[in-house]
Amino acid sequence: MLGLRECRECKPVKLSPRAEEVGLFFAQMLDHEYTTKEVFRSNFFRDWRKEMNLEERTLIADLNKCDFGELHAMHKSKVEARKNMTKEEKQVIKDANQKIVDEFGFCLLDHHKERIGNFKIEPPGLFRGRGEHPKMGMLKKRIQPEDVIINCSKDSRIPEPPAGHRWKEVRHDNTVTWLVSWTENVQGSVKYIMLNANSKLKGEKDWEKYEVARQLKSRVGQIRSQYLEDLKSKQMVTRQRAVALYFIDKLALRAGNEKEEGESADTVGCCSLRVEHITLHDTLAGESCVVEFDFLGKDSIRYYNKVPVSKRVFKNLKLFMENKQPGDDLFDRLSTGTLNKHLSSLMPGLTAKVFRTYNASITLQQQLKELSNMSDSTAEKLLSYNRANRAVAILCNHQRAPPKSFDQSMANLQSKIDTRREQMAQAKRELKQAKKDAKESSDPKLMTVLEKKRKAVARCKEQLLRMEVQATDKEENKQIALSTSKLNYLDPRISVAWCKNLDVPLDKVYNKTQRDKFAWAVHMTEKDFEF
DNA sequence: GTCATGACTTAGTAACCTCTTG
DNA sequence: CAAGAGGTTACTAAGTCATGAC
C-alpha cells in the first residue's frame, strides 16, 4: 500500500498491479543514495506514471508526496525472512535452482555440451547506469517472448515459447555465437545470451587474442619508432595520431570511441579526450614536460595521473590545445576508426586495445621475473605474484570501491599479528629454558622436549611471516581490483608457466572458475613458455 | 568519410556461499 | 552454532571494433 501525503494526513492508496510492480522497484532501492538524485527520481516518476491507470495518474502527481514506507518495510521483511530460513528450506531453493541450470543452462555446439553464460532473460527493474547517467531511474521493461529472437541450427530442437506466446523470430545464423537476443528498451541496444567463458568457442577466441598480442611483441619496436617519427610530421592528422598512440602505448589508455551526448554518462578514452582533461606543466616536482590527466573513463572510473613525456609530445600537445575551449576535442582530426585503420595496416589484427593486452601481459612477465625467487616461501612467492598482478591493474587503472569492512578487518589482522608476536616471544623463552635444561641433564626426555620447543618456534615464525605478508598485500590492494586484468588482459600461459617453474600449485593463483576458463592454457603450457 | 548498428569483450558491484572463529 | 570475513558467482552496463548503407 502506497502512502500519499496530503495537507495534513497521509492517506493509503491501493495501486493497480502494474503500478504496484514498478512502485515496488523504487521502494526496494530506497536504501541506495541514488534514489535521492533528481535525475533518477524524475526519470522514474515519468516512467512510473506511464504504467498507472487514469485514476492513479490523476491522484499521484508528485513523487515527493509519495510515502513508500510501507512498501519498503514489506520488502525489508521479505529479505529478512529469506535470510532467516532454515538450512533445509534453503536447500530446497538451491535444488530448484540447480534443476533450472540443468535444464536451461546448457546447449549443444558442434556436438559438445557447453555451459551457457547468462541463460536467464534480464528481469524488469529500474535502470541504474554508472556515474552520472542521464537515464538512471528509467523503467527497464519486462521482456516478452514476442521480443525474443532464437538462434539455433535448423535441425535442432527449437525451444517452445511459453503457452499462448510466440517468438519474435527463429533464425539459423551460424556466423554469430549468440543463442538468444532481444532489444532492451532503455538504451535501445541488443542484448544476447551467449556461451560461458569455459566453452571451447570462447577459449579459442581468448587464445587468438593473446596470439595477436604476442605478435605485437616482435613488431612493437618498429611501430614505436614509427610513431615517434610521426610526431614530427607536417600533417596535423599524423601528429595527432602519433601522440594518441604514444598515450595508448605508454599509459594503456582505451581507444575512446565517440559517444552520443545525453545518451550516457560523460566519459572519455584516448581519442575522445578533451582539452579540459589535461593540464600541461613545463616543470612539476623537479620533472619537466609533465602532463596531468584527470578524466572519467569507462564505468566513470576516474583516471588521474601525472606523466613526464618527451619534449616533442609536449610541444605537440601545446599546439593541439591552441585556440581551443576546454570542451573541445584534444585530437580534433582523429577518430578511433582512422586510428585502427592505420594500426591494422601496420600489422594484421592490430587495434588500439591490443596494446593494452600486450602491455599488460608483458608487464606481468617482467614483474614476475623481477620479483620472485625460487628460495622464497609459497606465501612470499604469492605476494610477488600479486604484486606483479597489481602493477598491471594499476597500469590499466582497474579500481574498486574499498570493501566496506576494510578498516575493521585490517585492524583485526593487525591484532592477530600482535598476539602471534607475543606467542613467539613466549615460545622463544621456553626454547631457551629447554636448551638450558637439556644441557644440565642427560635425561633423554629433555631432548625430545627441546626438539618440540624448537618446532614450536619455527611454526610461530612461519605463521607470523605469512600474516605479515598477508597484511602488506591487503593494504596495497585496498582500492585496486586484480580480477579484471587477471581475467581479461594477462595471458594465462604466463601464470601457468610461473607456477610450474616456482613449484606453486596452480590453484593458489587461479580458482576453479578461472582454471576452467583457462583450461586451454593449462593444457598447452610448458615451463619454458615465453609471452 | 560518417553514421548507425550488431556482436562481442571488458568492467565493477551486489548477492550469495563457505569457511573460520569465538 | 551464530556471526562475520572473505572468496566466488551472477549480473548487466559500458566499452571496442567491424561492417554496411548512404
Please determine, for the side chain of [X], which listed nucleotide ([options]) has the closest atom?
| X | options | answer |
| --- | --- | --- |
| A:T267 | C:dT16, B:dA11, C:dG15 | C:dG15 |
| A:M194 | C:dA14, B:dT10, B:dC8 | B:dC8 |
| A:K209 | C:dC11, C:dA14, B:dT10 | B:dT10 |
| A:N340 | C:dC17, C:dA14, B:dC16 | C:dC17 |
| A:K94 | B:dT18, C:dT12, B:dT13 | B:dT18 |
| A:R130 | C:dT16, C:dT12, B:dA7 | C:dT12 |
| A:N488 | B:dA11, C:dT12, B:dC8 | B:dA11 |
| A:Q187 | C:dA14, B:dT13, C:dT12 | C:dA14 |

Whole Å only: how far is the [atom1] atom of [X] from the [atom2] atom of [N]?
| X | N | atom1 | atom2 | result |
| --- | --- | --- | --- | --- |
| A:D299 | B:dT13 | CG | C1' | 10 Å |
| A:N511 | C:dA10 | CG | P | 12 Å |
| A:N185 | C:dA13 | CG | P | 10 Å |
| A:K202 | B:dT9 | NZ | C1' | 7 Å |
| A:K508 | C:dT8 | NZ | P | 12 Å |

Have a look at [X] and say if it touches a base, only the backbone sugar-phosphate, or nothing, with a 4.0 Å heavy-atom cut-off.
| X | value |
| --- | --- |
| A:G337 | nothing |
| A:K486 | nothing |
| A:A265 | nothing |
| A:G297 | sugar-phosphate |
| A:K298 | base |
| A:K512 | nothing |
| A:F127 | sugar-phosphate |
| A:N257 | base |
| A:T336 | nothing |
| A:S181 | nothing |
| A:E258 | nothing |

For [N], take OP1 and OP2 only and decide whether either is under 4.0 Å from a side-chain N or O of [X].
| X | N | answer |
| --- | --- | --- |
| A:R254 | C:dA14 | no |
| A:K140 | C:dA13 | yes |
| A:H133 | C:dA14 | yes |
| A:S483 | B:dA11 | no |
| A:R82 | B:dC16 | yes |
| A:N118 | C:dC11 | no |
| A:T177 | B:dC8 | yes |
| A:T351 | C:dC17 | yes |

**Asked** Of all heavy-atom pairs between A:Y192 and A:S181, which one has the smallest distance, and what is that distance?
**Response**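 So the minimum-distance heavy-atom pair works out to CD2-CB, 3.8 Å.
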
**Asked** Do A:K191 side-chain and C:dT12 base share a donor-acceptor contact under 3.5 Å?
**Response**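 Looking at the base of C:dT12, it does not pair with any donor or acceptor on the side chain of A:K191 (distance under 3.5 Å).
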
Got a salt bridge between [X] and [Y], using NZ or NE/NH1/NH2 to carboxylate O under 4.0 Å?
| X | Y | result |
| --- | --- | --- |
| A:E211 | A:R493 | yes |
| A:D332 | A:K324 | yes |
| A:K209 | A:D206 | yes |
| A:K205 | A:E208 | no |
| A:E204 | A:K200 | yes |

**Asked** Checking side-chain contact (heavy atoms from CB on, under 4.5 Å) against A:N151, which of A:N174, A:V170, A:D173 comes through?
**Response**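 Per the side-chain contact (heavy atoms from CB on, under 4.5 Å) rule, the option paired with A:N151 is A:D173, out of A:N174, A:V170, A:D173.
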
